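Please read all numbers here as calculations on a predicted model, not as lab measurements.
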Amino acid sequence: MPSRTPLIQPADKGVIRGGMAAYITTVIKVPDPVSTKDRFDVYGLDTTETTNIGAQKDEQFAIQVNPNEVFDNPSVRALGHHLAHPIGESRATA
């Protein structure tokens with residue numbers, strides 16, 4: 001029987017969402033809690049800051065995040081859900 005490499009399981013979406021919300025409150029100094037449903041642009045985050053959110057997840061959880069993934073999932077809830085899926089299931093990497 002051939003050996004199979006298990007799928008990498010990134011962090012729980014709650015942990016990912018919490019990290020993004022903390023980043024937003026730090027960058028733009030809004031009071032907690034940040035709504036996970038609001039789009040990033042509601043908070044006035046520019047392209048650089050939203051790209052930094054993806055880079056932070058890459059560094060924190062070893063999840064490679066393409067900037068397009070941030071733009072395609074433009075809220076804490078959507079991006080957290082997207083990143084929490086196992087690699088290979090909904091996050092095909094090139």
Side-chain angles (χ1 to χ4, degrees):
M1 177 176 223
S3 67
R4 299 180 75 193
T5 304
L7 295 175
I8 297 169
Q9 295 289 328
D12 169 90
K13 66 183 167 189
V15 173
I16 294 171
R17 289 176 181 170
M20 285 188 284
Y23 178 84
I24 291 169
T25 59
T26 301
V27 169
I28 60 171
K29 309 219 184 327
V30 296
D32 279 328
V34 168
S35 171
T36 62
K37 294 178 185 179
D38 289 341
R39 293 175 52 92
F40 295 128
D41 58 1
V42 166
Y43 296 107
L45 296 173
D46 63 21
T47 303
T48 301
E49 290 161 338
T50 55
T51 302
N52 286 341
I53 289 172
Q56 180 191 46
K57 298 304 113 192
D58 185 5
E59 185 176 303
Q60 188 175 13
F61 299 113
I63 302 170
Q64 290 188 331
V65 181
N66 181 311
N68 288 334
E69 290 177 288
V70 177
F71 296 113
D72 291 343
N73 299 280
S75 71
V76 169
R77 176 176 280 185
L79 188 59
H81 178 78
H82 176 72
L83 296 178
H85 280 76
I87 293 173
E89 188 174 293
S90 70
R91 297 192 65 242
T93 57

Task: Polar side-chain atom of Asp41 near backbone of Gly44 as donor-acceptor pair, under 3.5 Å - done: no
Open item on the list: Would a single hydrophobic cluster contain both Val15 and Val70, if residues Ile, Leu, Val, Met, Phe, Trp and Tyr are joined by side-chain heavy-atom contacts under 4.5 Å?
Closed with: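 Per the 4.5 Å side-chain linkage, Val70 and Val15 are co-clustered.
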- [ ] Measure the NE2-CD1 distance between His82 and Ile16 for me, rounded to the nearest 0.5 Å.
- [x] 10.0 Å
Task: Between CG on residue Leu45 and CD1 on residue Ile53, distance to nearest 0.5 Å - done: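 Between atom CG of Leu45 and atom CD1 of Ile53 there are 5.0 Å.
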Shortest non-hydrogen contact from [X] toward [Y]:
| X | Y | value |
| --- | --- | --- |
| Asn73 | Phe40 | O-CE1, 3.7 Å |
| Arg17 | His81 | NH2-CB, 4.0 Å |
| Glu69 | Leu79 | O-CD1, 3.8 Å |
| Asp38 | Ser75 | O-CB, 3.3 Å |

Open item on the list: Checking Tyr43 against Val27 for the side-chain contact (heavy atoms from CB on, under 4.5 Å) test, could you report, in this order, the C-alpha distance in whole Å, the side-chain angles of both residues, the deciding distance, and whether it holds?
Closed with: CA-CA 10 Å; Tyr43 296 107; Val27 169; over 6 Å; no
